[in-house]
Amino acid sequence: MVWLIALAAVAAVFACIVWLRRHVSGGEEQPAPVDGECCGQHAVCERDSLLAGVSRRVEYYDDEELDRYRGVAAGDYTDEQAEEFRDVLYTMSEDDVPGWCRSLQLRGIELPDQLRGEVLLIVGEHRFAGTRK
């Protein structure tokens, strides 16, 4: 009987700690939206990006020539056009990739579908390396 009361007390303390952590830290965490648009890589996803609300100022990454693709849908790029994006992507450091993606978004330029997997891989590896430091 004493063990049962002790177990209930421990469970109550644990529940209080969880409740306090959620409410003191600014509320309950909102799950990421689950739809076809969210990539799951929140460093490059405008909806959940930490960069999304910080600045609306466009920063260029020696890629001014990509402005001519403003308004082109992600699936409409030719392989040659996607190669222009790839050239820019592989000349920058991994640290700059999320900012570059944000810059493209602010400029109204969609990342070609041909590069989406590569960008997500680079960002994912960079995030994983950052958490292991």
Apply the test side chain to side chain contact (heavy atoms under 4.5 Å, CB included) to residues V88 and E65: give CA-CA distance (whole Å), side-chain angles for both, the deciding distance (0.1 Å), then the verdict.
-> CA-CA 10 Å; V88 173; E65 70 277 6; 3.7 Å; yes

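Here the straight-line distance linking atom CG of L89 with atom CD of E94 works out to 10.0 Å at 0.5 Å rounding. One finds the CZ atom of R116 at 7.0 Å from the CG atom of L120 (value rounded to the nearest 0.5 Å). Distance check: D96 CG to I122 CD1 gives 11.5 Å after rounding to the nearest 0.5 Å.
In the hydrophobic clustering of ILVMFWY residues, with side-chain heavy atoms under 4.5 Å counting as a link, L111 and V72 come out together.
Residues passing the side-chain contact (heavy atoms from CB on, under 4.5 Å) test with R86, sequence neighbours excluded: E83, Y90, Q114, L115, E118. Partners of D62 by side-chain contact (heavy atoms from CB on, under 4.5 Å), not counting sequence neighbours: none found. Among residues two or more places apart in sequence or in another chain, the side-chain contact (heavy atoms from CB on, under 4.5 Å) test is passed with R107 by V58, Y60, D63, L66, D67, R70, S103, L104, I109.
Across all non-hydrogen atoms, the minimal contact from G75 to D113 is CA-OD2, 3.2 Å. Counting all heavy atoms, side chain and backbone alike, D87 lies closest to T91 at O-CG2, 3.0 Å.
Aromatic ring pairs are classed by plane angle as parallel below 30°, tilted from 30° to 60° and perpendicular above 60°; the pair F85 and Y69 is tilted.
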